[in-house]
Participant: 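This is the structure, below, for whatever I ask next.
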Amino acid sequence: MGRHKLRREAAADALPTVASDTAQPSTPRAPIALLLLGTLVFAVWTVTRVGGARVEGFMVDGLYTGLTVAAALLCLLRSVRFRIERAAWLSFGLGLLASAGGDVATAIIGDPIPVPSIADALYLGSYLGLGLGLALVARHRVTHVRAAIALDAVVAALSVAGLAGALVFDTVAGAAEGGPLAVAVNLAYPVGDLALLALLVSVIALGGWRPDRTLAALAVGLGLWAVADTIYLYQSALGTYVGGDPLDIAWPVAAIIMAFAAWQPSRRLPSPGGVRQIALPVVFALISIGVLVVDHFDRVSLLGILLSAAALLAVVVRMVLTFREYLGMLDTTRQEAVTDALTGLGNRRRLMRDLDAAFGAPGGIERRALVIFDLDGFKAYNDMFGHLAGDALLARLGARLRLAVGQHGRAYRLGGDEFCVVLPAQEGSFDVGVAATVAALREQGDGFVITSSYGTVLVPDEVQDAERALLLADERMYAEKNSRRGSAGMQMRDVLLQTLREADPHLAVNAHGIGELSRAVAHALGLDGEDIDEIVRAAELHDVGKVAVPDAILGKPAPLDDREWEFIRGHTIVAERILAAAPALRPIARLVRSSHERWDGIGYPDGLTGEEIPLGARILHVCAAFVAMTSERPYAATRTEEAAIEELGRCAGSQFDPRVVDAFVSSWRTTGAPAAAVESTA
């Protein structure tokens, strides 16, 4: 029982048994090891010649041919068991069998061997099988070959073939004897070796000079095979080849390496790139130059000269192609630098370039209108449907804006949800053009309405430079946006602020100061537009929930007990309910709910931590703390601004977001915005 089990395990180790369309092969270690052992035996015999003539027949006609046949069978078995690259390894197996068949035919025919013979047909057929197999492997592994990479492969192939032809072809051709057919057959051998070497180098070049294990093994195996053939042809032409010498080891070793390559995992090669893509083609070009230089001192074969010259011609074509690619990439880079990737409109850089060119025109700038738009409702749309839907919306609006502008103006996306157009400002057409662009930036659907606020500047009537034009249009756009918010949202805000004033004037005054602080910090953090507006409104109304907290608790000078703390911790939830009841204030309800969460996660009401807390709520938390510390409170002494700043820094990373604290301090140091806000609360 034990022996049978060992046999089964040995068989399982010898050959993979998985047969699947998607499974990857693994190296059959036992067969490869046996083949290497046989090769070692043959190699020792070629050096020592032990056993004399009695052993020579077995070694030359038996073991030598058997090693090639066994390697061929491993390739064929690989093609049977796995569909991936099946045709490639079938071709390799047949090519190796053809070579082994040529050895058998040679042994049967004996000396002298006529030319051509069945052995020649089999030997030459092996070139076809090996070359076709290599081409099929490359087809599976190399995809999306650029013209430049294909030319690199041509340069490498021609250079290698030219070098080999210069070294060998004349010698072999000079030794060819017999009729035209015999001469053609004799010359077919070096041509086959040159073609095999050229194909091998070109395949590796197509893979970006980064072969995987399969191609690396094939490079060694086929390279050894072709080099051994070339040396054999050269020695045969000179009459120095002796059968059974150490050169004969090369063919079975090469066959075993090919069989090893057959059982390596199959994978796609990465896109070529890096230094190799330039350096190695240059090396092969230098080889071709070397062949042509040598020809001036010692004549080499015409074939070698022609192939080397063709390689250099391919290098010239490669240079032209590279220069064209460079110009195309440069043009693409220029376009991308001034084009918004999402909408295809010009970006802020393109706008500034166009405006600078217009202001600097020799005849003066034509009268035009610069209009900046900021979308209203886009942030809520993003929160409701997600950023991918938001990007799709921006792309649609950008396309409509381009159509609305037409041929007479130009449209831009400045970033985020800000757009811009430059329109002719002739009488009668200006208002129509602006109305068309406003309509283009409107979209309405189930649960959302997207509109836009805009600001207009006439150039050169009102401004004389691009920067000032943008600044003035931006100011007017925000002024219009704020005036439009005097509708439902602003009215509800005013009602709630008045409620706070009636309940506690101190709360209402602080709300204004915290709002201004939040605006300054949001600007320092790089926020703009609707984000800042929401943060400011949340800051102004963050204490609205305190109307549900008894005055005795809010004004208590002593520490609060547990029940009283429950009232305090509940005020943000009450505020959220109040704000969410008004559709215009729903976007800020979430910020107010989280305005007392701590960076370290021990805040209330949800125990959020770090980046889980909305950025607006983190800004609000820092600004409210600063105002609280620098204001009069019944339960704590008033601190100076410097002391309050120091306390914010001490609590950064525990109570507060360190980045927000840094932005607050930076704003306080440079603009004095916090100080101004606190003074407004006095």
Side-chain angles (χ1 to χ4, degrees), residues 339-340 342-348 350-352 354-355 358-359 365-382 389-463 466 468-491 528-530 533 583-584:
T339 303
D340 175 61
L342 181 62
T343 62
L345 302 177
N347 59 15
R348 182 179 291 271
R350 178 62 181 269
L351 173 63
M352 295 303 297
D354 291 349
L355 289 176
F359 277 111
I365 185 172
E366 181 183 354
R367 191 167 184 265
R368 290 186 171 272
L370 171 70
V371 188
I372 290 182
F373 301 88
D374 187 82
L375 298 183
D376 296 321
F378 179 71
K379 187 175 185 302
Y381 182 93
N382 249 355
D391 288 347
L393 173 67
L394 292 175
R396 291 196 302 273
L397 296 179
R400 293 175 196 163
L401 189 63
R402 182 189 288 110
L403 290 175
V405 168
Q407 300 296 320
H408 304 292
R410 187 179 292 275
Y412 308 84
R413 180 184 174 220
L414 304 185
D417 58 356
E418 286 193 342
F419 292 85
C420 176
V421 297
V422 176
L423 299 170
Q426 288 84 2
E427 293 294 334
S429 65
F430 169 64
D431 291 337
V432 174
V434 173
T437 56
V438 170
L441 294 177
R442 178 182 176 86
E443 185 165 317
Q444 185 171 355
D446 187 15
F448 75 92
V449 176
I450 303 295
T451 57
S452 63
S453 302
Y454 65 91
T456 304
V457 173
L458 294 177
V459 294
D461 302 35
E462 298 182 285
V463 290
R468 178 58 187 161
L470 277 179
L471 180 61
L472 184 56
D474 203 53
E475 290 174 353
R476 290 176 176 175
M477 181 268 292
Y478 276 108
E480 197 233 357
K481 182 183 286 285
N482 290 331
S483 67
R484 291 179 63 187
R485 286 178 183 143
S487 57
M490 290 297 288
Q491 292 174 19
D528 53 24
E530 206 164 343
D533 178 68

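All residue numbers in this chain count up from 1 along the given sequence.
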Participant: Do you know the tightest heavy-atom contact between Arg367 and Leu458?
Facilitator: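 That would be NH2-CD1, 3.3 Å.
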Participant: I need the Phe378 CZ to Leu441 CG distance, nearest 0.5 Å.
Facilitator: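 Output value for this atom pair is 12.0 Å.
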Participant: What heavy-atom pair brings Phe448 and Glu443 nearest, and what distance separates the two atoms?
Facilitator: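 In terms of heavy atoms, the two residues are closest at CE1-O, 3.7 Å.
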Participant: Check Val463 against Ala469 and note the closest heavy-atom contact, atom names and distance.
Facilitator: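 Heavy-atom minimum between the residues: CG2-CB, 3.5 Å.
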Participant: Hey, could you give me the CZ/CG distance between Arg468 and Leu355, rounded to the nearest 0.5 Å?
Facilitator: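 The CG atom of Leu355 is 14.5 Å from CZ of Arg468, to the nearest 0.5 Å.
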Participant: Does any part of the side chain of Leu397, heavy atoms only, come nearer than 4.5 Å to the side chain of Leu375, both counted from C-beta?
Facilitator: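 Yes, close enough: below the 4.5 Å cut-off.
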Participant: If we only count heavy atoms from C-beta on, is the Val422 to Asp354 side-chain gap below 4.5 Å?
Facilitator: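 No, side chains not in contact.
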Participant: In terms of ring plane angle, is the pair Tyr454 and Phe373 parallel, tilted or perpendicular, where the classes change at 30° and 60°?
Facilitator: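 Rings of Tyr454 and Phe373: tilted, 30 to 60°.
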Participant: Any non-hydrogen side-chain atom of Leu470 less than 4.5 Å from a side-chain atom of Met352?
Facilitator: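 Result yes, sub-4.5 Å side-chain heavy-atom pair found.
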Participant: Between OH of Tyr381 and CG of Leu393, what distance do you get to the nearest 0.5 Å?
Facilitator: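 Atom-to-atom, Tyr381:OH and Leu393:CG are 5.0 Å apart.
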Participant: If I compare all heavy atoms of Ala404 with all of Ala440, which pair ends up nearest, and what's the gap?
Facilitator: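 Nearest pair, atom of Ala404 first, then Ala440: CB-CB, 4.0 Å.
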Participant: Side-chain contact, heavy-atom cut-off 4.5 Å: Lys379 with Asn382?
Facilitator: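 Contact flag for Lys379/Asn382 side chains = no.
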Participant: Is there a side-chain contact between Val449 and Arg442, using heavy atoms and a 4.5 Å cut-off?
Facilitator: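 Side chain of Val449 against side chain of Arg442, heavy atoms only: contact under 4.5 Å found.
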Participant: Which atom names give the shortest non-hydrogen contact between Leu401 and Thr437, and what distance separates them?
Facilitator: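 Reported closest heavy-atom pair: CD1-CB, 3.7 Å.
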Participant: Determine the minimum heavy-atom distance between Thr343 and Ala395, stating which atoms define it.
Facilitator: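 Distance-wise, the nearest heavy atoms are CG2-CA, 4.1 Å.
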Participant: Answer yes or no: is there a donor N or O on one side and an acceptor on the other, between the side chain of Arg402 and the main chain of Gly344, under 3.5 Å?
Facilitator: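 Side chain of Arg402 to backbone of Gly344: a pair is present.
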Participant: Verify side chain to side chain donor-acceptor pair (under 3.5 Å) between Ser453 and Asp374, making sure each step is shown before the conclusion.
Facilitator: CA-CA 5 Å; Ser453 302; Asp374 187 82; over 6 Å; no
Participant: Got Val421 and Phe419 here, is their nearest side-chain heavy-atom distance under 4.5 Å?
Facilitator: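 With C-beta onward as the side chain, the pair stays apart.
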Participant: Flag the pair Asp474 / Glu418 as yes when at least one side-chain heavy-atom distance between them is below 4.5 Å, and no otherwise.
Facilitator: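 Yes - at least one pair of side-chain heavy atoms lies under 4.5 Å apart.
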Participant: Per the side-chain contact (heavy atoms from CB on, under 4.5 Å) rule, which among Leu345, Leu370, Val371 passes with Cys420?
Facilitator: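 The single option meeting the side-chain contact (heavy atoms from CB on, under 4.5 Å) with Cys420 is Leu370.
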Participant: Just wondering, do Arg476 and Thr456 contact through their side chains at under 4.5 Å, heavy atoms?
Facilitator: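 No - every pair of side-chain heavy atoms lies 4.5 Å or more apart.
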Participant: Could you give the distance from CG (Asn347) to CG (Leu414), rounded to the nearest 0.5 Å?
Facilitator: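 The CG atom of Asn347 sits 8.5 Å away from the CG atom of Leu414.
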